[in-house]
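Here's the structure, in structure tokens; my notes come after.
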Amino acid sequence: MTEKEKMLSGLWYDANFDEVLVKDRIIAQDLCMEFNTTKPSDEKSKKILDKLIPNMDKTAGITPPFQCDYGWNIEIGECSDINRNCYFMDGGKISIGKNVYMGPNCGLYTANHPLDFKTRNKGLELAEPISIGDSVWIGGNVVILPGVTIGSGSVIGAGSVVKDSIPENSLAVGNPAKVIRKIEQK
């Protein structure tokens with residue numbers, strides 16, 4: 001099994017020295033840099049995003065600067081908007097529903113490392129998916145950790161660190177983020 005197959009299967013893998021994963025990250029870094037230095041009014045900007053994130057709906061948008069590890073492991077649904085300076089660590093799949101609003105400076109981190117430093121020093125990591133449902137609003141400076149699912153209709157308050165999954169139609173805030181109430185949808 002290749003390191004990429006291990007990564008996509010949720011197994012421990014070596015991302016640092018695997019030629020395929022290193023090459024894929026360099027391609028994504030080049031595309032991110034090109035996207036981030038292209039005028040948003042330039043049609044080329046959209047073409048770069050199409051290459052970087054092929055599973056992004058044409059009606060979704062990302063405001064530069066933006067960074068990700070691979071791009072091909074991200075799905076973004078229709079009419080979703082990712083604000084400036086967000087970073088998606090997409091070793092694990094990142095799925096974003098439709099009509100999602102993400103504030104600036106958010107980080108979605110799918111990678112975990114071993115707690116034991118001797119094992120960690122071997123360069124292994126484990127990627128767990130992040131899933132964000134439809135019609136979610138994520139405030140600025142939010143951190144979402146590996147394995148988290150945020151249910152549709154939820155709101156995550158600015159500055160929150162989301163380490164546990166959040167049910168649908170919930171308002172969650174804090175570090176760590178806690179549900180403080182249900183949201184009644186009209």
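Starting from 1, each residue takes its place in the sequence as its number.
Looking at every heavy atom in both residues, Ser160 comes nearest to Ala172 through OG-O, 4.0 Å. Considering every non-hydrogen atom in both Val136 and Ser152, the closest pair reads CG2-CA, 4.1 Å.
When hydrophobic side chains of Ile, Leu, Val, Met, Phe, Trp and Tyr are connected at separations under 4.5 Å, Ile26 ends up clustered with Val22. Hydrophobic cluster membership for Leu124: Trp12, Leu126 (Ile, Leu, Val, Met, Phe, Trp, Tyr linked by side-chain heavy atoms under 4.5 Å, directly or transitively).
Between the side chain of Asp90 and the backbone N or O of Gly92 there is no donor-acceptor pair closer than 3.5 Å. A donor-acceptor pair is defined here as one N or O able to donate and one able to accept, closer than 3.5 Å; no such pair exists between the side chain of Asp18 and the backbone of Asp14.
The closest side-chain donor-acceptor pair between Glu125 and Asn112, if any, does not fall under 3.5 angstrom. Judged purely by distance below 3.5 Å, without hydrogens or angles, the side chains of Asp134 and Asn99 never pair a donor atom with an acceptor atom.
Checked against salt bridge (charged side-chain N to carboxylate O under 4.0 Å, His left out), Glu3 has the following partners two or more places apart in sequence or in another chain: Lys6. Scanning for side-chain contact (heavy atoms from CB on, under 4.5 Å) contacts around Ser170 gives Ser154, Ile166, Pro167, Val179, Lys182, with sequence neighbours left out. The side-chain contact (heavy atoms from CB on, under 4.5 Å) search around Lys163 returns Leu145, Pro176, not counting sequence neighbours. With sequence neighbours left out, Phe88 forms a ring-ring contact (aromatic ring centres under 6.0 Å, His included) with Phe66.
With contacts defined as side-chain heavy-atom distances shorter than 4.5 Å, the pair Leu8/Lys4 qualifies. At a threshold of 4.5 Å between non-hydrogen side-chain atoms, the residues Val100 and Asp81 do not count as touching. Within the 4.5 Å cutoff, the side chain of Pro104 has no heavy atoms near those of the Cys86 side chain.
Counting heavy atoms of neighbouring residues, nucleotides and ligands inside a 6.0 Å radius, atom NZ of Lys47 does not exceed 12 of them.
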